[in-house]
Amino acid sequence: AVVSTQSTGTYCTHNKGQEPLRILCLGSNDLRHVLEMMCSGRKVEVFMMETNLELYCRHILFLSVLLQPPNLMGLQEKTELYLDLYGNSLARSASTKFVTNSVPSFIRMVTDEDYLKNVLPLLDLSALKFKERDFMEGIFKFWGATDAKSKEAFPIDRIWDGRVRSYLEERYDAGKNIFDMDFSMKLKERAILLDSREYASWRQTGVGFEVRDGVYDAPNRTLCSGIIKMIGGSKRLARGYWGDITCSPYISHGIYSSLKSMYEVRNRINVRTASEVAEHNLMCLIHHINTGKKYTKPPKPDRFTFAGGEKKDEKATLEEVIEEEEEEEDGEEVVKDMENLTVVDNKSKKAALMALNVPKSSTTVKFLPLGTAEQLPKKQNLLKSFDLIYFSSSQVSYFTPQITALLKDDANLVIENVKYVVPLQKEHENAFLPKIQQLATNAKCEFLGSNDLMNNNFHLSFHRVV
């Protein structure tokens, strides 16, 4: 995960001029790095390579949410929609309706480059293969299917329970105790803003963010993906949920804050939940992306205040109440707007309107074909062209002299830390840093962090030795 005080951009120490920053992200799995870059004030080119096309589809979805014209979707609605679709197995019906109504627009984005430039100009899909775009079109169609058979094709509540049963095996009946033990052993001291009850609830149901009162019962089909499995003696594509069921979605945005008030503790209980912290952090990022200005309003009242634990001296002003009402109205209007996007006319008035009102960004995001990391050093135009390379912990096998040849002289490289990976056993955890340091030595990179893995926060940083 990326923190506001330690985003990937802070590692680009050698490039302080006006040249665009070029960053290669291998396996980031979400947009947390991109969001930070969009708030940096610099011109940034982000090259992303993921492990499956469903992630690219989700990136398109979340970029579309972030860059909805402010007159069509308010800040609060964007934040709630983002978190609902990002970290909940079961979402609100309004959120899934937004996805369904947006599908025709998403399909046009991957099939019509002119349309993509109009509605989402920061995104570049030109490097993707045609068969990858075709597959992405099929994914979007699955998201938008409304027939009865398709609605039953992804029973996430049963799928989630099946994953939990498979993971816990004979310990399933003691699940709550196992969740509490995992939290105490791995996350309590490392993610101090995370609450044990909040974590256990997500482990049980897959619903991590209930930022708005409502019914969370609609399967979040954007979490569906396919893997090749041996079924009946032959390899077949198995569609289901194959994502995280142990670490939680809070790690990306909900376990850090630049506000001291977020770390307040009363009676040995965090005043703020990780869900509330994530909501405020995302609201700050989205506001900055949409307006170019920092978000200065204080967070919402904490849960003790809502429970009547103490009274606040401050009262909501008339201006704040009016703003909340306007944002709710915008949230209702956006569904109608996305319905209008189903128009397939190339001269769509709605597309033209969105092009005029979409928030401008100096960041560009380019999707690379799957599984082509080893081919990148063979492209002469990419050698010594990147200011930073980011590896997720699952992609460290690509940390080779060939890949580091893509870095500019004196550039840096960062690797995701494994300290928040719950299933990782202690001996594997202890062996991770020495293994990475050996890879760094082979790739002629110098380690810049602490030799104690736990003293390194979200990243392990390295400097390319020229």
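Residue indices begin at 1 and follow the sequence shown.
For Phe462 and Phe399, the ring centers sit closer than 6.0 Å to each other. Tyr199 and Tyr250 have their aromatic ring centers separated by at least 6.0 angstrom. When ring centroids are compared, Tyr295 and His288 stay outside the 6.0 Å threshold. Residues Phe47 and Phe386 place their aromatic rings such that the two centres sit under 6.0 Å apart.
Taking the centre and axis of the six-membered ring of Phe154, the NZ or CZ atom of Arg221 falls outside the cone set by 45° and 6.0 Å. With Phe142 as the aromatic partner, Arg239 meets the cation-pi criteria of under 6.0 angstrom to the ring centre and within 45 degrees of the ring axis. Under a cutoff of 6.0 Å and an axis angle of 45°, Arg190 and Tyr420 do not form a cation-pi pair.
Relative ring orientation between Phe367 and His59 is described as tilted, the plane-to-plane angle lying within the 30° to 60° band. The aromatic rings of Phe62 and Tyr82 are tilted relative to each other, their planes meeting at an angle between 30° and 60°.
The number of heavy atoms from other shown groups lying within 6.0 Å of CD (Glu264) is above 12. Atom CG of Asp213 has 12 or fewer neighbouring heavy atoms from other residues, nucleotides or ligands inside a 6.0 Å radius.
Considering all non-hydrogen atoms of both residues, Ile255 and Leu193 come closest at C-CD1, 3.8 Å.
Salt-bridge check for Asp182 with Arg203: passed, with a basic side-chain N closer than 4.0 Å to an acidic carboxylate O.
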Would Asp387 and Arg22 satisfy salt bridge (Lys or Arg N to Asp or Glu O under 4.0 Å), going step by step from the backbone distance to the final call? CA-CA 5 Å; Asp387 298 282; Arg22 301 189 88 194; over 6 Å; no
